[in-house]
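Below is one structure, written out as structure tokens; comments come after it.
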Amino acid sequence: MRSDDVTKGFERAASRSLMYATGYDPSQLGTPLIGIASSFTDLVAGHSGMHDLERFIEKGVHSGGGSAFIFGIPAVCDGIAMGHSGMKYSLCTRELIADAVECVMMAHKLDGVVLLTNCDKITPGMLMAAARLNIPAIVVTAGPMHSGMRNKTRLSLVRDTFEAIGRYREGIIDEYELTCLELEACPGQGSCQGLYTANTMACITETMGMSLVGCATGLAGFAKKRRIAYRSGIRVCELVRDNIKPLDIMTTAAFENSIRIDMALGGSTNTVLHLPAIAHEAGIDLPLDLFDKLSKDTPHITSIRPGGEYFMEDLEYAGGIPAVMNVLGDKLIDNPTVTGISTKEIQKKFVVVDTDVIKDMDHPYHAEGGIAILKGSLAPDGSVVKQSAVSEKIMTFKGKARVFDSEEESLVAIFGKKIQPGDVVVVRYEGPKGGPGMREMLQGTAAITGMGLSESVALITDGRFSGGTRGPCIGHVSPEAMEGGPLCIVRDGDEILIDIPNRKLDILISKDEMKSRMDSWTPPEPKVKTGYLARYAKLVTSAATGAVFKTD
């Protein structure tokens with residue numbers, strides 16, 4: 001085993017002595033050393049219950065004949081970081097997380113790892129580490145939060161806090177109601193209740209085969225999640241003994257299956273950043289166009305918030321991801337999983353319990369999948385929209401640009417009621433390099449929706465959107481403005497065309513005018529010149545390639 005390098009031989013007496021100092025017993029010598037990479041923190045609702053799951057994973061490891069060692073991994077809550085400079089640090093943590101797992105696993109020569117995760121950047125960072133290390137690994141996502149409740153109405157974070165701010169600004173609700181909503185929208189531990197990035201990534205992880213069946217939708221704080229944690233601890237020991245590694249599972253087929261499930265669910269646009277980054281670590285090319293190709297061939301068969309009215313708990317009770325896989329049938333490719341049974345075997349074992357929540361292929365919510373890739377004169381390398389969360393009335397939209405060079409500037413205009421129907425809010429210099437950190441724009445998009453403008457105002461950015469965003473919001477515009485992408489030369493009043501059905505995003509000016517503006521453009525000074533963000537800006541690549549780090 002890998003751990004022989006630290007446990008065997010007279011020359012490792014010092015290593016063994018330091019392990020004994022932790023409580024490790026000599027009788028455990030020769031057992032697989034299993035890391036539990038835990039992203040527990042009191043700061044993040046999705047992670048605040050992880051100490052309990054650590055216990056059950058640890059029990060499983062010992063029941064499986066291994067020795068468990070818990071180590072910490074950082075986690076940022078996007079909801080708390082949203083709408084201010086803190087959001088610059090969110091996407092950046094994905095690389096830190098992958099690096100942290102790598103460093104601990106390699107330094108201590110551990111034989112396998114259980115990756116305990118839940119929220120937006122933590123899960124993809126963990127999967128990146130699994131692919132990079134290719135050491136036996138299994139992922140445990142801590143589970144979705146249960147819905148809140150007020151006056152017999154179920155509540156979720158985005159619609160009943162972020163969007164409620166817009167309703168408050170419009171005078172639709174008063175301060176007392178806003179306070180009640182913020183107290184009741186998030187009743188306890190877990191990832192936010194809709195198909196936002198955290199839950200989308202959990203669903204993708206299970207589909208990919210890197211977590212046990214039922215893990216993605218098993219609710220936080222429920223006994224089922226404890227059992228999954230326990231069984232994952234046992235299973236990782238079996239993976240070590242059988243020498244089954246992540247790259248045996250994270251194949252090209254696994255990534256295609258993951259995109260399919262994302263499209264069928266109508267998941268977060270952030271997967272278009274994360275899946276290519278994970279695939280990059282696995283040595284697999286996952287071009288942006290593949291997302292659009294599979295979306296056109298995958299019906300959208302669930303209607304979960306933010307675009308729909310159902311919650312993650314409804315998906316769980318309707319049969320979870322295995323039931324969705326069952327419906328997709330031959331569109332999924334057979335592939336190994338950490339459970340020991342293949343994708344096709346899982347498909348056959350589970351059926352849909354509630355056909356209102358999970359539709360069949362002949363009666364989908366939409367004929368195409370949840371995400372569309374738009375290209376054109378404003379986005380030569382591509383941009384991303386969650387088309388399943390856009391009203392049919394505004395799938396094609398032409399409007400006048402209102403240009404802002406930062407998210408803060410745009411929020412002043414939005415909250416100051418200076419955005420009018422027919423406007424296209426353009427927020428630039430918020431890409432991976434320009435931000436730096438490619439901030440999510442949920443604060444602004446939610447306010448626009450709460451103010452009743454989601455069918456008359458669009459938003460375009462080289463930043464990105466939360467999985468909770470709905471409406472005609474186009475993100476990941478590439479190349480980004482800081483790299484001289486066409487977004488950098490847009491001016492107030494320019495006509496912008498968004499054509500989702502035909503996958504077009506264009507600025508309606510002449511080629512001569514565009515060339516003249518590009519020739520006279522000079523990049524602005526970097527917004528951040530010191531610390532991690534400055535280093536990040538120098539290393540990060542385009543959103544079109546997953547915003548991964550340069551390796552040369």
Side-chain angles (χ1 to χ4, degrees), residues 36-41 44-57 60 73-78 93-94 97-98 101 113-131 137-146 188-233 235-236 246 249-250 254 258 261-262 265 267-268 270-271 274-275 278 304 311-313 315-316 320-322 324-325 337-339 346 467:
I36 302 173
S38 173
S39 49
F40 164 80
T41 171
V44 183
H47 296 237
S48 61
M50 285 185 176
H51 275 337
D52 184 54
L53 295 179
E54 290 169 6
R55 290 176 55 235
F56 281 85
I57 294 169
I73 296 297
V76 164
C77 177
D78 282 21
T93 64
R94 189 185 70 182
I97 288 159
V101 174
V113 63
V114 179
L115 301 161
L116 179 55
T117 174
N118 213 23
C119 289
D120 299 35
K121 310 309 160 303
I122 301 91
T123 300
M126 295 278 204
L127 286 167
M128 289 168 68
I138 192 166
V139 177
V140 177
T141 47
M145 183 188 297
H146 203 277
Q189 63 176 273
S191 48
C192 304
Q193 304 100 324
L195 267 173
Y196 317 132
T197 306
N199 290 323
T200 303
M201 285 306 306
C203 294
I204 279 172
T205 303
E206 183 178 332
T207 305
M208 187 181 288
M210 286 301 293
S211 59
L212 294 186
V213 173
C215 187
T217 59
L219 296 170
F222 282 49
K224 176 182 176 180
K225 186 60 71 175
R226 286 178 162 186
R227 289 191 291 270
I228 288 171
Y230 175 72
R231 292 201 305 270
S232 296
R235 183 61 185 153
V236 74
I249 294 162
M250 299 169 76
S258 297
I261 213 81
D262 187 13
L265 294 171
S268 168
N270 279 316
T271 57
H274 299 322
L275 279 173
I278 299 162
I304 299 167
F311 294 70
M312 287 302 294
E313 63 209 55
L315 181 59
E316 161 72 352
I321 294 308
V324 179
M325 293 169 66
T337 74
V338 291
T339 62
I346 293 170

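- Checking side-chain atoms of Arg235 against main-chain N and O of Ile138 turns up no donor-acceptor pair under 3.5 Å.
- Of all heavy-atom pairs spanning Met201 and Asp120, the tightest one is CG-O, 4.3 Å.
- To the nearest 0.5 Å, the span separating CE on Met250 from CE on Met128 amounts to 10.0 Å.
- Of all the heavy atoms in Val324 and Leu315, the pair that sits closest is CG2-CD1, 4.0 Å.
- A donor-acceptor pair under 3.5 Å links the side-chain atoms of Gln193 to the main chain of His146, judged by distance alone.
- The minimum heavy-atom distance between Ala198 and Ser191, with the atom names listed, is CB-CB, 3.7 Å.
- Contact annotation: the side chain of Gln189 never approaches that of Met50 to less than 4.5 Å [non-hydrogen atoms, C-beta and beyond].
- You'll find the side chain of Val44 stays beyond 4.5 Å of the side chain of Val76, heavy atoms only.
- From Cys203, atom SG reaches atom CD1 of Ile261 across 7.5 Å, with rounding to the nearest 0.5 Å.
- Centroid-to-centroid, the aromatic rings of His51 and Phe40 come within less than 6.0 Å.
- How far OG of Ser258 is from CG of Leu275: 5.5 Å, rounded to the nearest 0.5 Å.
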* Checking side-chain contact (heavy atoms from CB on, under 4.5 Å) for the pair Ile57/Val140: CA distance, chi angles, key distance, verdict? -> CA-CA 9 Å; Ile57 294 169; Val140 177; 4.2 Å; yes
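- Going from atom CE of Met126 over to atom CG of Leu116 covers 6.5 Å, rounded to the nearest 0.5 Å.
- We find the CG-OG distance between Asp262 and Ser268 to be 7.5 Å, quoted to the nearest 0.5 Å.
- Ile321 pairs in a side-chain contact (heavy atoms from CB on, under 4.5 Å) with only one of the listed residues (Leu265, Ile346, Thr205), which is Leu265.
- Using a 4.0 Å cut-off between a side-chain N of Lys or Arg and a carboxylate O of Asp or Glu, Asp78 and Lys121 qualify as a salt bridge.
- Here the shortest heavy-atom pairing between Ile228 and Leu212 reads O-CD1, 3.9 Å.
- A donor-acceptor pair under 3.5 Å links the side-chain atoms of Asn199 to the main chain of Cys192, judged by distance alone.
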* Show your working on side chain to side chain donor-acceptor pair (under 3.5 Å) between Ser38 and Glu54 and close with a plain yes or no. => CA-CA 7 Å; Ser38 173; Glu54 290 169 6; 2.4 Å; yes
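- Side-chain contact between Leu219 and Glu313 is present, with at least one heavy-atom pair separated by less than 4.5 Å.
- Listed for the Asn118 side chain is no donor-acceptor partner under 3.5 Å among the backbone atoms of His47.
- No hydrogens or angles considered: nothing links the side chains of Thr141 and Thr117 as a donor-acceptor pair under 3.5 Å.
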* To do: Give the C-alpha distance, both sets of side-chain angles, the deciding distance and a yes or no for side-chain contact (heavy atoms from CB on, under 4.5 Å) between Leu127 and Met210.
  => CA-CA 8 Å; Leu127 286 167; Met210 286 301 293; 4.1 Å; yes
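- Between Gly267 and Thr200 the shortest heavy-atom distance is CA-OG1, 3.5 Å.
- Closest of all the heavy-atom pairs between Ile97 and Ile122 is CD1-CA, 3.6 Å.
- If you check the side chains of Glu206 and Ser211, you find no donor sitting under 3.5 Å from an acceptor.
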